[in-house]
Each structure stands twice: as C-alpha cells, then as structure tokens.
Amino acid sequence: MKQLITDYYMTHRDELLAFVSSRLGSSVEAEDIVQDVFLRLLTTDKLITAVTMPALVYTMIRHKIADYYRRHTTFEQYEHFIKGVCSEETTTESVFSAKEIMERLERGLVRLPENCRDIYRLHIYGGMKVSEISLQLGEGYKSVEHRLGFARKAMRQYLRQYA
C-alpha cells in the first residue's frame, strides 16, 4: 500500500500542486497541503486501492483547503480586535478586562457537569479535536461530541448575559 501511495505522489505531485495553488494563490501553502495529505495517507491504517486513491486524495485536499480558508477567515475577523487589545501600551483596564473574562469563563465552567467540563477544557485549552478527546478519555466519539455540544451551548448561554 505504501508503494501505491508513493507512486501516486511521484506521478501526480505537480498536478496536485497546480490544483491547490490555483485555489490558494500560494505555492508555499500548496506544497504544505499536498505533503500533509500524503503524510496522512502514509500513516493511515485504512485500506487504500488504486481505484479509490484519486478520489481520496482530492477529497482530502479539498478539506485541507477549506480548513486553510476557515483559519484564515477567523484570523482576519479577530485581527483588528487583537491589535486593539494587544497594543504597544498595555493599560490597566485591558489587564483587568482580560482577568474579568477569564473569571467569567471559569464561573461558567464550574456550572457545567464535571464530564462536560473536562471535555470542554480539553477542547478549548488543549486544542484537541473530538476524536483526540475520545481516545484520551477512552469514551465513545458520539458521547464526547454530544457532551462538548452541550457544554458549548451552556457556555454561550451563560456568557450571553455579559454581552
């Protein structure tokens, strides 16, 4: 299987780079995405055949491109906010407001059931995905996904009173 993936990479690398570059406009990012996809393919334990390889590769690349734009859009949305908060001069008000936000967040977390609280913390503070949390806690994916959804909803509702 690894030979199949390697052969496909060697044969179609330039084609895939052109595809990603046409969507991103950046050859550096395109190279990273193509390499990430093939690295993931090489480390997977799933069965991959010559028939399924092209569709799988293009699907994974499209998902990586969507993730790139999602992160890029989020960064642009909050860039002006971050620049305003993290200016060259840190004022006393900004330090207190950051402290107040953290206190409110912690007060909201205390209100959650313990199993939801742990999952929410791993997701927010640890930056873990649902699948990673599921593996770490040894619990089912759907169970973790449900409790994370519950925690998010409860936290939004709690924090909405301060908006």
Side-chain angles (χ1 to χ4, degrees), residues 1 5 16 19-20 23-26 28-30 32-49 52-87 90-163:
M1 183 170 72
I5 295 168
L16 295 170
F19 176 77
V20 177
R23 268 100 182 136
L24 297 182
S26 169
V28 174
E29 292 293 331
D32 288 346
I33 287 176
V34 171
Q35 286 179 0
D36 284 348
V37 166
F38 279 96
L39 179 63
R40 190 161 184 196
L41 285 171
L42 286 169
T43 58
T44 189
D45 58 346
K46 305 282 191 261
L47 180 63
I48 301 171
T49 66
T52 61
M53 177 70 77
L56 179 61
V57 168
Y58 276 96
T59 299
M60 290 174 73
I61 285 176
R62 282 194 308 273
H63 289 175
K64 286 280 193 182
I65 290 170
D67 288 345
Y68 170 82
Y69 278 119
R70 194 174 305 119
R71 284 191 312 271
H72 192 70
T73 302
T74 302
F75 175 76
E76 285 179 352
Q77 286 175 347
Y78 293 103
E79 183 178 27
H80 69 279
F81 175 74
I82 292 169
K83 284 182 179 177
V85 172
C86 300
S87 62
T90 303
T91 64
T92 309
E93 291 95 19
S94 66
V95 172
F96 284 126
S97 65
K99 183 179 177 185
E100 287 175 8
I101 290 170
M102 288 304 295
E103 287 174 356
R104 288 177 185 166
L105 186 60
E106 287 300 319
R107 274 188 253 130
L109 283 170
V110 169
R111 298 175 60 153
L112 295 174
E114 187 175 349
N115 57 358
C116 293
R117 184 181 329 133
D118 295 340
I119 290 170
Y120 189 81
R121 279 198 169 119
L122 288 171
H123 180 70
I124 296 298
Y125 297 133
M128 297 174 74
K129 296 178 183 176
V130 174
S131 57
E132 296 168 336
I133 296 169
S134 173
L135 287 173
Q136 182 173 337
L137 298 179
E139 297 182 19
Y141 180 90
K142 285 294 185 182
S143 173
V144 171
E145 185 179 50
H146 175 74
R147 284 188 273 157
L148 179 60
F150 174 80
R152 284 177 172 164
K153 184 177 177 182
M155 288 300 292
R156 276 194 305 268
Q157 189 175 13
Y158 176 76
L159 294 173
R160 206 172 276 138
Q161 69 186 350
Y162 296 108

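Nothing fancy with the numbering, it's 1 onward along the sequence. Side chains are part of it too, since the values below use all heavy atoms of this structure and drop only hydrogens, waters and symmetry mates.
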For Phe150, the ring-ring contact (aromatic ring centres under 6.0 Å, His included) test, sequence neighbours excluded, returns none

Separation between CZ (Arg107) and CZ (Arg111), nearest 0.5 Å, reads 10.5 Å

Step by step, would you call Glu145 with Lys142 a salt bridge (Lys or Arg N to Asp or Glu O under 4.0 Å)? CA-CA 5 Å; Glu145 185 179 50; Lys142 285 294 185 182; 3.3 Å; yes

Rounded to the nearest 0.5 Å, the CG atom of Leu148 sits from the CZ atom of Arg152 at a distance of 4.0 Å

Scan the side chains in residues 35-42 for donor-acceptor partners under 3.5 Å anywhere in the protein, sequence neighbours excluded, and list what turns up.
{"residue": "Gln35", "atom": "NE2", "partner": "Glu31", "partner atom": "OE2", "Å": "2.8"}

### Check against side-chain contact (heavy atoms from CB on, under 4.5 Å), Leu109 and Leu112
CA-CA 5 Å; Leu109 283 170; Leu112 295 174; 3.8 Å; yes

Rounded to the nearest 0.5 Å, the OG atom of Ser143 sits from the CG atom of Asn115 at a distance of 7.5 Å

dist Phe19:CZ -> Ile33:CD1 (nearest 0.5 Å) comes out at 10.0 Å

Quick note, salt bridge (Lys or Arg N to Asp or Glu O under 4.0 Å) partners involving residues 121-134, not counting sequence neighbours, are Glu106-Arg121

Distance col, row Ile48:CD1 vs Leu56:CG, nearest 0.5 angstrom, shows 5.5 Å

Heavy-atom nearest pair, Gly140 first then Ser134, reads C-OG, 3.6 Å

To the nearest 0.5 Å, atom NZ of Lys64 lies from atom CG of Leu24 at 12.0 Å

For the residue pair Glu29 and Val20, establish whether any side-chain heavy-atom pair is separated by less than 4.5 Å. no

Query - Heavy-atom side-chain contact between Leu135 and Tyr141 under 4.5 Å - result: no

